[in-house]
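Working notes, beginning with the structure itself.
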Number of protein chains: 2
Amino acid sequence: MSSTNVMNIKELKQACKACSLRDLCLPLGVSVEDLSMLEGIISRKRPVQRRDVIYQAGDPLTCLYAVRTGSVKTFVLTNDGEEQVTGFHLPGELLGLDAINDGVHPCTALALETASVCEIPFDRLEELAGRTPGLQHQLLRIMSREIQTDEHLMTLLGHRTSDARLAAFLLNLSRRFGMRGFSRHEFNLTMSRCEIGNYLGLAVETVSRMLSRFQEQGLIQVQRKFITILDADGLREIAGIHGHDARHQEQASGH
Amino acid sequence: MSSTNVMNIKELKQACKACSLRDLCLPLGVSVEDLSMLEGIISRKRPVQRRDVIYQAGDPLTCLYAVRTGSVKTFVLTNDGEEQVTGFHLPGELLGLDAINDGVHPCTALALETASVCEIPFDRLEELAGRTPGLQHQLLRIMSREIQTDEHLMTLLGHRTSDARLAAFLLNLSRRFGMRGFSRHEFNLTMSRCEIGNYLGLAVETVSRMLSRFQEQGLIQVQRKFITILDADGLREIAGIHGHDARHQEQASGH
DNA sequence: CGTAGGATTGAAGCCGCTCAACCAAAGTGG
DNA sequence: CCACTTTGGTTGAGCGGCTTCAATCCTACG
């Protein structure tokens, strides 16, 4: 909802019911009457700016956050102080699920660009989920999906070469943008090469080189942050995805 | 509950209430009266033998499984047919959480040794969780913990050298054995070097070499599958864990 | 006792990292 | 408005860690 000072009634009314993300986000599969309950506990925060912190590692868990617009990265700091990116998050995705375990956020969430997020008080969500089977199921599903995603990323990090990782990363982004109504073929990378490399376990230079090579091979076109995918099948080949069952395969992001 | 043919009354009585794992498993923090309800839906299966399949990739999700004794590995088959180990599971840990998302098990669970598992029908668990706030919370916590664990493993795979990965793996196993009342200092590896390597994204030979090197350095003693940890702090050093905050750090396993 | 699978050890090669220089774009301050 | 700085990205050269390939050893088990 715009900002706290400049209230915008029209946006305020844009509750889950009318939200274009409802088929991606928490309300998926929740009945209309239950949806009203959910709306009751969700507040739409004012937009956050690039590099704004949404929550910080060590913060107590009070809310989960749903990305509405923009994009967000999450990362942990390892004991020797270096950053490890754990995910990039697009509209409709839920942040903070890893904090439920001990009630403290293990990672920091940072806006990659101007973004807006919905705040969902966790205790109220939990209580509501107890009274709303559809919501409980959806919550479990979302957490399960995250576990699945992480498993795929583990495969990528453990067993794939740099080109396969990057190809899978691009395909995954492409698919996720597509699901959100954006183009699958051209999109902006909101994260830096450095953040991509960190996420994929590669050096920045390697990311840069691979992007150049993909471009040479006519698979993509790179214009700074703007990526055009010219040959998705070619990328799938490199990513080690052999047709059909490519549902979850185009992993490499998404927490 | 023991086997379907040979009923064993004594084992039958070993419900969650009396189970030594209750502080590790699902019932943690669930009140005594709620516990009876949980017991009502859980059945104890007969022991499975080494290499027995508990569930297979592609199977529809009917039950979650709690390891009671023994150990289990889970793995996915990549499109080119090779195996990718996603976790090793010790008593008190829950299997199958990654299947909730789309109702189909994405991975296969296989007993590494003679083991016994509790079967928990998922639909009934879900229904019970809706009526039992403590249980719902615990279920969410377990899933959240798994996400956290996976995040740590991602860090390991993406940013750590082979020695750090193996050291972290050994420390993680040590801690988990310790929590279950076994010795932290000596234990059997129920998985092969090959499976460890696969899990950590390393070649078998590297695992073998690292174990030998750790032994040379006086950090551990290796007698085939039997490991004795001589210098846990030394291992922590290598794993990149600098004291204190080593709660979740000793990751590298555990799904 | 012999075989097979797992584990260890050695040698060689390659992928990706590190180091370093250079470039482009976007701020920043006078 | 321009010079300077900063940040992020690209490209090249050399190195090193891990993999691959291969041979041998060991132990469990028929």
Side-chain angles (χ1 to χ4, degrees), chain A residues 49-51 73 80 82-85 88 110 112-114 156-170 188-217 220-227 238-240 252, chain B residues 49-51 73 80 82-85 110 112-114 156-170 188-217 220-227 238-240:
Chain A
Q49 298 303 315
R50 178 172 157 80
R51 285 172 218 263
K73 78 164 175 180
D80 36 337
E82 49 179 321
E83 190 174 310
Q84 154 70 31
V85 176
F88 301 113
L110 197 105
L112 288 168
E113 58 187 326
T114 304
L156 217 59
L157 292 178
H159 294 268
R160 295 284 169 199
T161 54
S162 59
D163 54 350
R165 294 186 203 186
L166 196 61
F169 177 74
L170 292 175
N188 261 297
L189 298 176
T190 55
M191 67 296 287
S192 70
R193 306 286 196 266
C194 185
E195 287 164 329
I196 295 174
N198 185 304
Y199 179 62
L200 296 177
L202 299 172
V204 203
E205 295 91 333
T206 306
V207 174
S208 191
R209 271 185 260 269
M210 286 301 144
L211 287 176
S212 300
R213 194 209 277 175
F214 288 170
Q215 180 160 18
E216 276 173 32
Q217 296 174 334
I220 63 174
Q221 194 172 347
V222 185
Q223 290 155 302
R224 198 154 176 74
K225 299 227 169 219
F226 188 73
I227 302 290
I238 291 175
Chain B
Q49 298 302 315
R50 177 173 158 80
R51 286 173 217 264
K73 78 164 173 178
D80 37 336
E82 47 180 321
E83 189 174 310
Q84 155 71 32
V85 176
L110 196 106
L112 288 169
E113 58 185 327
T114 303
L156 217 58
L157 292 177
H159 293 267
R160 295 284 168 201
T161 55
S162 60
D163 54 350
R165 294 186 203 186
L166 197 62
F169 177 73
L170 292 174
N188 261 297
L189 298 176
T190 56
M191 67 296 288
S192 70
R193 306 284 197 270
C194 185
E195 288 164 329
I196 295 173
N198 185 303
Y199 179 62
L200 295 177
L202 299 172
V204 204
E205 295 92 330
T206 307
V207 174
S208 191
R209 272 185 258 270
M210 285 302 144
L211 287 175
S212 300
R213 194 210 276 176
F214 287 171
Q215 180 160 21
E216 275 172 32
Q217 298 173 332
I220 63 174
Q221 194 173 346
V222 185
Q223 290 153 303
R224 195 151 180 76
K225 300 230 168 219
F226 189 72
I227 301 290
I238 291 175

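Below, chains carry the letters A, B, ... as their sequence lines are ordered, and counting in each starts from 1.
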Between the protein and nucleotides 25-30 of chain D, which nitrogen or oxygen pairs come in under 3.5 angstrom?
none

Pull out every protein N or O sitting under 3.5 Å from an N or O of nucleotides 15-21 of chain C, one pair per line with the distance.
| unit_1 | atom_1 | unit_2 | atom_2 | d |
| --- | --- | --- | --- | --- |
| C/dG16 | OP1 | A/S162 | N | 2.7 |
| C/dG16 | OP1 | A/S162 | OG | 3.4 |
| C/dG16 | OP2 | A/S162 | OG | 3.1 |
| C/dC17 | OP1 | A/G201 | O | 3.4 |
| C/dC17 | OP1 | A/A203 | N | 3.1 |
| C/dC17 | OP2 | A/A203 | N | 3.3 |
| C/dC17 | OP2 | A/T206 | OG1 | 2.2 |
| C/dT18 | O4 | A/R209 | NH2 | 3.3 |
| C/dC19 | N4 | A/E205 | OE2 | 3.0 |

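For residues 197-208 of chain B, the set of pairs meeting the salt bridge (Lys or Arg N to Asp or Glu O under 4.0 Å) definition, not counting sequence neighbours, is empty.
With A/H159 contributing its side chain and B/N198 its backbone, the two residues share a donor-acceptor pair below 3.5 Å. Distance alone, capped at 3.5 Å, is enough to place a donor-acceptor pair between the B/R165 side chain and the B/R160 backbone. In this structure, the side chain of B/S212 engages the main chain of B/S208 through a donor-acceptor pair within 3.5 Å. Side-chain atoms of B/D163 do not come within 3.5 Å of backbone N or O of B/M210 as any donor-acceptor pair.
A salt bridge is absent between A/E216 and A/R209: the closest approach of a Lys/Arg side-chain nitrogen to an acidic carboxylate oxygen does not fall below 4.0 angstrom.
If you take CG of A/L166 and C1' of D/dG9, they are 14 Å apart, rounded to a whole angstrom. Between the CD1 atom of B/I227 and the C1' atom of C/dA7 there is a distance of 12 Å, rounded to whole Å. If you take CD of B/E82 and C1' of D/dT19, they are 14 Å apart, rounded to a whole angstrom. When the P atom of D/dG8 is taken as reference, atom CG of A/N188 falls 16 Å away, rounded to whole Å. Computed from coordinates, the B/Q215 CD to C/dT8 C1' distance equals 12 Å when rounded to whole Å. Distance B/H159 NE2 to D/dG17 P: 19 Å, rounded to the nearest Å. The interatomic distance linking B/F214 (CZ) with C/dA7 (P) rounds to 17 Å, in whole Å. Taking atom CZ on B/R193 and atom C1' on C/dT9, their separation rounds to 14 Å, with Å as the unit.
Annotation: the span from A/L112 atom CG to A/N188 atom CG amounts to 12.0 Å, rounded to 0.5 Å.
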* Asked: Under the salt bridge (Lys or Arg N to Asp or Glu O under 4.0 Å) criterion, do B/K225 and B/E113 qualify, and how do the steps go?
  -> CA-CA 13 Å; B/K225 300 230 168 219; B/E113 58 185 327; over 6 Å; no
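Regarding contacts with the backbone of D/dT11, a side-chain N or O of A/S212 is found under 4.0 angstrom from either OP1 or OP2. Not one side-chain nitrogen or oxygen of B/K225 sits closer than 4.0 Å to the OP1 or OP2 atom of C/dG6.
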